[in-house]
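Only one structure is covered here, and it is reproduced in the block below.
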Number of protein chains: 2
Amino acid sequence: MAPLPGWKVGLVSARTADSARDIPEATVARLPVYLRALTTLVDNGTATCSSEELAAAAGVNSAKLRKDLSYLGSYGTRGVGYDVDYLRYQIAREIGVTQDWPVVIVGIGNLGHALANFSGFRSRGFRVVALLDADPDRRGERVAGIDVRDFADLEPIVREHGVAIGVIATPASAAQDVADQMVEAGIRSILNFAPIVISVPDGVDVRKVDLSIELQILAYHEQRKQSEATA
Amino acid sequence: MAPLPGWKVGLVSARTADSARDIPEATVARLPVYLRALTTLVDNGTATCSSEELAAAAGVNSAKLRKDLSYLGSYGTRGVGYDVDYLRYQIAREIGVTQDWPVVIVGIGNLGHALANFSGFRSRGFRVVALLDADPDRRGERVAGIDVRDFADLEPIVREHGVAIGVIATPASAAQDVADQMVEAGIRSILNFAPIVISVPDGVDVRKVDLSIELQILAYHEQRKQSEATA
DNA sequence: AGGACTTTGTGAACGGGAGAACAAACTGAG
DNA sequence: CTCAGTTTGTTCTCCCGTTCACAAAGTCCT
């Protein structure tokens, strides 16, 4: 993930971080998708690709892809396409996954287990530095090679490792309290898997993943399909 | 979840299913959130609530909430607010969670385990009728009280239970094949947890949940916050 | 009954994102 | 060097979703 020799370093330094302002939120949400598609292409040994190919791999329109990439800068070559490895690095840098992000996971139930073992985090620069649970029975348990520790240890852990991102995988009843303490400890970005809306002060980002909501959206469309079929 | 006596059944029958056409996608995605907020209010013994209260519980603007609900019909009372139990039923019916949705989960790794044990599915009308895995070593294993069966059994299971929704929790390498076979077996709605874009024929809905993408979006904003702080 | 007050439902203005379409820029052959 | 072919970057238009603001419609108190 380090810049390779031969890359257009001049261009990189010409585009300093401050010129990367105001990338639309919709684009930011798609950049990780492009990143994954590019990684797949690299693994296949592909050196160059057109916006059409990359768009197909990412499941989007090629015009949209080009517009998204244009917010980052001009990293393609007209008449040729994009250098896969170079573009991948640029997107990774823009998102911030070239650096190491220490993460804590709170709530080591079924979901917490799955998250702790999820290899997709590690491979994208996210390092789980601690697993916390309020239940004393879980202490000492070892999950994914990490000891489960007391939730009360949150603050020193955050301070020691410089943790900026916290993951909530607790039941809904505990989520708000966990979020409050995370904020208190200095965490400013939270990924919430608990099925409840948590409120946080300004300046703290929360993203929510709700498994049952996705299924319900599918159910709605399925119901429509079925009622249309019978009509 | 059954209609209670005393509810405005007249209105319900006046608004037949076909009048519920073209609800905006953004609204559909929020209805499950409202449903959950209303369920919480019911559990607290709240009988009536204003759009302001419900919007706060759901984490949205009250004007947006009212407009969303207006797509379903006029279920509120001006000057008073909404009957919590009544509105909850109307939303549940609109989404389709008043009926029973049989679901199969394919891929019983860490995430499959967590999904199989996730109580939020069951409580919203989703019933896991089968767990499937291609790995013979997993056969006979019992997860959440359900035997893990051979992936080759997919088609008869779908036919027998009338399964319309499938969940993919396999590694990325297997996901496209699993999706193909699901479509072949008659499934028309797929929830995909594998980190890859799968392609399906027209008429099949796919929703994607990618845990690492959410973290990457947080990382982007966190990076911005940190670079602003040092500037 | 009447008037003050509350809250819904919706029309209208506004902003942002999606997609089409094209000019600019590069390659490569002759 | 020139010209045909290719692909990017960007402009323009359209559409969807959000938000404001207010009329309509109900409640409650006197």
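Letters A, B, ... are given to chains in the order of the sequence lines, protein chains preceding strands, and every chain is numbered from 1.
- Partners of A/V42 according to the side chain to side chain contact (heavy atoms under 4.5 Å, CB included) rule, which considers only residues two or more places apart in sequence or in another chain, are A/V84, A/D85, A/R88.
- No contact: A/E52 has no heavy atom under 4.0 Å from any strand.
- Atom pair B/L65:CG and D/dT18:C1' shows a separation of 13 Å (rounding to whole Å applied).
- A/I23 places its CD1 atom 15 Å from the C1' atom of C/dG17, with the value rounded to the nearest Å.
- The salt bridge (Lys or Arg N to Asp or Glu O under 4.0 Å) search around A/R122 returns none, not counting sequence neighbours.
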Report task. Please lay out, stage by stage, how A/S189 and A/D205 fare under the test side chain to side chain donor-acceptor pair (under 3.5 Å). Result -> CA-CA 5 Å; A/S189 295; A/D205 279 332; 4.7 Å; no

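- Rounded to whole Å, the distance from OH on A/Y75 to P on C/dC26 is 17 Å.
- Each of D/dG17, D/dT8, C/dG17 was ranked by its minimum atom distance to the side chain of A/S51; first place goes to D/dT8.
- Per the geometry, OH belonging to A/Y71 stands 17 Å off P belonging to D/dT8, to the nearest Å.
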Just the atom pairs and distances: protein N or O near nucleotides 26-30 of chain D's N or O, under 3.5 Å.
none

Requested in this report: Carefully, step by step, assess A/L115 and A/F193 under the rule side chain to side chain contact (heavy atoms under 4.5 Å, CB included).
Outcome: CA-CA 11 Å; A/L115 293 173; A/F193 287 90; 3.7 Å; yes

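- Side-chain atoms of A/K208 never come within 3.5 Å of backbone atoms of A/V197 as a donor-acceptor pair (strictly under, hydrogens ignored).
- B/L38 places none of its side-chain heavy atoms less than 4.5 Å from the side chain of B/Y82.
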Output one line per pair: protein atom, nucleotide atom from nucleotides 18-22 of chain C, and distance, for all N/O pairs under 3.5 Å.
unit_1 : atom_1 : unit_2 : atom_2 : d
C/dA18 : OP1    : A/R30  : NH1    : 2.9
C/dA18 : OP2    : A/R30  : NH2    : 2.9
C/dG19 : OP2    : A/K64  : NZ     : 3.2
C/dG19 : O6     : A/K67  : NZ     : 2.4

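- A straight line from CG of A/L72 to C1' of D/dG9 spans 13 Å, rounded to a whole angstrom.
- A sub-4.0 Å separation between OP1 or OP2 of C/dG9 and a side-chain N or O of B/Y82 is present.
- For residues 168-178 of chain B, the set of pairs meeting the side chain to side chain donor-acceptor pair (under 3.5 Å) definition, not counting sequence neighbours, comprises B/Q176-B/D180.
- Looking at B/N44, its side chain never comes within 3.5 Å of a backbone N or O of B/T46 through a donor-acceptor pair.
- With sequence neighbours excluded, the residues satisfying side chain to side chain contact (heavy atoms under 4.5 Å, CB included) with B/I95 are A/Q216, A/Y220, B/L31, B/P32, B/L35, B/I91, B/V97.
- Spacing between atom CD of A/E25 and atom C1' of D/dG17 amounts to 16 Å, rounded to whole angstrom units.
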